[in-house]
Amino acid sequence: MSTLKETLRKKIDEHRPRITRLTKEFGDVKLGDVTISQAIGGARDVKCLVTDISYLDPQEGIRFRGKTIPETFAALPKAKNSDYPTVEAFWYFLLTGEVPTAAQVDAILVEWKTRQQVPKYVFDVLSAMPKDSHPMVMLSTGILTLQKDSKFAAFYNSGKFNKMTAWESVYEDASDIVARIPIIAAFIYNLKYRGGKQIAIDPKLDMGANFAHMIGQSEEYKDVARMYFILHSDHESGNVSAHTTHLVHSALSDPYYSYSAGLNGLAGPLHGLANQEVLDWTIKFQEKYCKGVEPTKELVTKALWDTLNSGQVVPGYGHAVLRKTDPRYMSQREFCLKTKGLKDDPLFKLVAMIFEVAPVVLTEHGKAKNPWPNVDAQSGVIQWYFGLREWDYYTVLFGVGRALGCMANITWDRALGYAIERPKSVTTAMLEKAAGIA
């Protein structure tokens with residue numbers, strides 16, 4: 001049986017000629033024009049990034065390696081006594097595009113047990129930080145603290161750097177990061193919210209189950225972790241965390257520098273922080289409008305119109321790219337509906353009724369380009385139900401999952417020799433001249 005790294009090497013060798021041919025023979029083929037609004041508005045919809053890891057279709061949603069979320073969950077080997085795949089199986093799939101066998105997944109499980117050994121100095125650094133440090137600052141710091149052991153940095157500084165084999169040391173760093181980040185994240189949670197009481201890794205458990213175990217969570221939460229990390233793993237290359245990681249690594253900064261930077265982008269309220277903002281809004285909505293009564297269609301419709309008429313938005317609805325209900329939302333909703341207790345939880349019932357009503361109200365209101373919910377409209381409610389109510393920590397959970405996509409992408413970036421990213425800027429005067437108003 002070939003190891004994951006051997007399989008990946010074969011995939012890379014097959015892929016490289018495709019990139020070489022496209023560059024040499026078709027490098028001048030235009031993919032589109034850039035408008036003034038795109039230049040000013042954050043390069044929205046400018047086709048200038050390449051990734052084969054995932055693709056976000058406005059009408060269909062995310063595909064991982066060509067598979068939809070339901071197809072991905074159905075195809076991958078499942079965790080023991082679970083309907084959900086292990087994160088280890090998904091990691092193999094992201095890197096290679098192939099569905100691993102059970103034996104190949106078991107091999108990664110064994111390998112990650114070695115990689116999961118986080119040096120004590122990382123925990124010492126985190127413990128020395130101010131107790132009121134934001135958990136995302138702590139996670140970014142924890143990843144950056146590991147940098148001194150970077151195999152890619154050592155290879156670059158060895159004097160034997162070879163761009164054709166550089167991906168191998170990136171792969172080693174990337175694999176270490178995805179294996180270690182849940183350990184660091186669990187340590188942060190216990191340090192900040194459980195009085196510092198730490199729970200050791202269970203060598204018999206997969207990554208998602210181990211995370212649940214280490215933060216003292218329930219058996220049911222093991223599937224929450226598996227699902228959450230997979231759903232939040234990747235969303236094309238243009239989002240802030242993925243793009244930042246790619247951008248920083250394009251300078252040949254090692255994966256630790258790169259993903260620490262990506263996490264700093266993820267921490268923003270327009271990106272990963274949004275899930276806690278949606279939950280905060282939903283709880284306040286419940287307190288103001290429901291007041292202990294069942295959230296009926298009529299009640300929620302009126303409340304949403306009151307919200308919009310007061311100049312506020314409905315958080316968790318709309319998406320920069322999607323023009324349908326986010327499949328990640330639907331996947332989490334299905335989990336809620338089949339989980340005993342959760343489907344009858346008052347907060348979930350409110351979220352479910354908002355989902356039924358909000359698209360109609362937002363369509364009638366007429367200002368929303370996309371009246372459908374995104375992943376953030378559902379994810380916080382699940383964490384809240386299972387007792388993880390420290391919502392400053394929610395973006396850390398996102399960061400654990402997003403490491404999978406970011407690390408898979410930069411491994412392939414180095415394998416294909418992508419150049420340092422350096423877009424060209426223009427001045428406002430140039431834009432005015434192009435518009436004919438100068």
Side-chain angles (χ1 to χ4, degrees), residues 3-16 19 49-56 62-67 69 72-73 75-76 85-100 104-105 107-109 111-112 115 143 150-152 166-182 207-208 226 228-250 253-263 265-266 328 398-418:
T3 67
L4 171 55
K5 194 170 185 179
E6 290 168 345
T7 302
L8 185 56
R9 179 180 285 107
K10 181 175 180 290
K11 292 284 182 181
I12 288 167
D13 288 342
E14 292 171 350
H15 199 106
R16 278 173 170 166
I19 298 299
L49 296 171
V50 181
T51 177
D52 294 295
I53 306 298
S54 69
Y55 179 73
L56 181 58
I62 191 71
R63 279 183 176 266
F64 299 119
R65 287 292 189 173
K67 293 187 183 297
I69 288 172
T72 300
F73 281 148
L76 294 176
T86 62
V87 175
E88 289 86 346
F90 185 68
W91 172 241
Y92 188 106
F93 176 61
L94 277 190
L95 278 173
T96 68
E98 293 183 356
V99 174
Q104 288 169 326
V105 175
I108 299 175
L109 284 163
E111 177 189 327
W112 278 20
R115 294 187 185 276
I143 294 299
S150 168
K151 297 176 178 66
F152 176 79
W167 72 268
E168 296 188 33
S169 52
V170 173
Y171 166 85
E172 295 297 332
D173 283 353
S175 297
D176 284 344
I177 287 172
V178 295
R180 290 177 175 182
I181 193 169
M207 185 263 238
R226 293 172 183 130
Y228 197 95
F229 296 152
I230 290 172
L231 291 180
H232 288 78
S233 62
D234 206 44
H235 220 225
E236 274 196 6
S237 290
N239 64 78
V240 171
S241 53
H243 187 201
T244 301
T245 304
H246 160 80
L247 172 63
V248 174
H249 185 60
S250 78
S253 295
D254 63 61
Y256 296 96
Y257 282 123
S258 303
Y259 196 53
S260 179
L263 286 168
L266 185 68
R328 298 173 300 173
F398 198 152
V400 173
R402 185 49 55 93
L404 297 162
C406 288
M407 293 301 97
N409 269 293
I410 64 171
T411 299
W412 274 96
D413 286 351
R414 287 286 60 73
L416 301 177
Y418 287 156

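For the numbers below, each heavy atom of this structure counts, side chains included, while hydrogens, waters and symmetry mates do not. Given the structure is predicted, the values throughout are model-derived calculations rather than measurements.
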Could you tell me the separation between the [atom1] atom of [X] and the [atom2] atom of [Y], rounded to the nearest 0.5 Å?
X: Ile108; Y: Glu88; atom1: CD1; atom2: CD; answer: 7.5 Å
X: His249; Y: Asn409; atom1: NE2; atom2: CG; answer: 10.5 Å
X: Lys67; Y: Leu76; atom1: NZ; atom2: CG; answer: 8.5 Å
X: Thr244; Y: Leu266; atom1: OG1; atom2: CG; answer: 9.5 Å
X: Glu236; Y: Ile62; atom1: CD; atom2: CD1; answer: 6.5 Å
X: Ser237; Y: His246; atom1: OG; atom2: NE2; answer: 7.0 Å

Exercise: identify the closest heavy-atom pair between [X] and [Y]:
X: Trp167; Y: Arg414; result: CA-CB, 3.9 Å
X: Ser258; Y: Ser253; result: OG-O, 3.3 Å
X: Cys406; Y: Thr245; result: SG-OG1, 3.6 Å
X: Ala261; Y: Val248; result: CB-CG2, 3.8 Å
X: Val400; Y: Met207; result: CG1-CE, 4.2 Å
X: Leu95; Y: Tyr171; result: CD1-CE1, 3.8 Å

Exercise. Within a reach of under 6.0 Å around CZ of Phe73, are more than 12 heavy atoms found that belong to other residues, nucleotides or ligands?
Worked result: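 Result for CZ/Phe73: enclosed.
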With [X], which residues qualify under salt bridge (charged side-chain N to carboxylate O under 4.0 Å, His left out), at least two apart?
X: Glu14; value: Lys10
X: Arg328; value: Asp326
X: Arg9; value: Glu168
X: Arg115; value: Glu111, Glu172, Asp176

May I ask you to decide if [Y]'s main-chain N or O and [X]'s side chain share a donor-acceptor pair within less than 3.5 Å?
X: Ser260; Y: Tyr256; value: no
X: Arg226; Y: Pro85; value: no
X: Tyr259; Y: Met407; value: no
X: Asp173; Y: Pro255; value: no
X: Ser54; Y: Arg63; value: no

Exercise. With Tyr418, which residues qualify under side chain to side chain contact (heavy atoms under 4.5 Å, CB included), at least two apart?
Worked result: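 Result, side chain to side chain contact (heavy atoms under 4.5 Å, CB included) vs Tyr418: Ile19, Val50, Asp413, Leu416.
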Problem set entry | side chain to side chain contact (heavy atoms under 4.5 Å, CB included) against Thr7, all qualifying residues, sequence neighbours excluded |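 Counting only residues at least two positions away or on another chain, Thr7 forms a side chain to side chain contact (heavy atoms under 4.5 Å, CB included) with Ser2, Tyr92, Thr96, Glu98.
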Exercise. Should Arg402 and Ile181 be marked as a side-chain contact (heavy atoms from CB on, under 4.5 Å) after you check the CA-CA gap, both sets of side-chain angles, and the distance that decides it?
Worked result: CA-CA 10 Å; Arg402 185 49 55 93; Ile181 193 169; over 6 Å; no
Problem set entry | Whether Trp112 and Trp91 hold their rings parallel, tilted or perpendicular, with breakpoints at 30° and 60° |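 The arrangement is tilted - the two ring planes meet at 30° to 60°.
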For this session: Taking the six-membered ring for Trp and the full ring for Phe, Tyr or His, determine whether the centres of Phe90 and Phe229 are under 6.0 Å apart.
Result: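 Ring centres of Phe229 and Phe90 not closer than 6.0 Å.
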For this session: Assess whether side-chain contact (heavy atoms from CB on, under 4.5 Å) is satisfied between Asp52 and Trp412, documenting all intermediate values.
Result: CA-CA 9 Å; Asp52 294 295; Trp412 274 96; 5.9 Å; no
